[in-house]
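See below for the structure under consideration.
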Amino acid sequence: MIQGEKVQILEEKENEYQVATGSLRIGNDLNLPRVDRDTWLGWVPKSKVKLIEEKTAINPEDL
């Protein structure tokens, strides 16, 4: 999460995360460059990111 907004973390450098979102509002609020019609992508200092891990239960029989 960055400034209360949920984003995806794609890569990690020493002091930065590469984050992405498909939301115009979030991309603009975080000043992320628009790289595609529906994608905003940029590097953000780790100090601005709060990591939240989401886990989803998977039933192996459904695979």
Side-chain angles (χ1 to χ4, degrees):
M1 303 226 14
I2 303 170
Q3 299 174 0
E5 303 291 355
K6 189 185 259 186
V7 296
Q8 295 176 325
I9 295 177
L10 303 177
E11 290 188 48
E12 178 181 5
K13 287 184 183 178
E14 187 174 316
N15 296 317
E16 295 178 306
Y17 290 116
Q18 185 182 44
V19 299
T21 184
S23 167
L24 169 64
R25 183 186 59 78
I26 294 172
N28 284 336
D29 288 351
L30 300 177
N31 290 327
L32 297 175
R34 188 176 193 173
V35 296
D36 198 357
R37 189 179 120 216
D38 296 328
T39 307
W40 288 260
L41 180 74
W43 290 92
V44 177
K46 286 184 176 182
S47 62
K48 292 187 175 186
V49 178
K50 178 181 178 184
L51 295 179
I52 297 174
E53 184 176 348
E54 291 183 351
K55 294 185 179 183
T56 304
I58 298 175
N59 183 349
E61 295 177 8
D62 292 340
L63 298 176

Donor-acceptor under 3.5 Å (Lys46 side chain, Glu14 main chain): yes
Straight-line distance of Lys50 NZ to Glu5 CD, nearest 0.5 Å: 13.5 Å
Leu30 versus Gln3, closest heavy-atom pair with distance: CD2-OE1, 3.3 Å
Least distance between heavy atoms, Pro33 atom then Gly42 atom: CD-CA, 4.2 Å
Residue pair Ala20 / Leu41: nearest heavy atoms and the distance that separates them: CB-CD1, 3.8 Å
Arg25 (side chain) donor-acceptor with Asn28 (main chain) under 3.5 angstrom: no
Distance, nearest 0.5 Å, that separates CG of Asp29 from CD1 of Ile2: 11.5 Å
Smallest separation among heavy atoms of Trp43 and Glu11, with atom names: CH2-CB, 3.8 Å
Euclidean distance, Leu24 CG relative to Thr39 OG1, rounded to 0.5 Å: 12.0 Å
Atom of Tyr17, atom of Leu51 and distance for their closest heavy-atom approach: OH-CD1, 3.4 Å
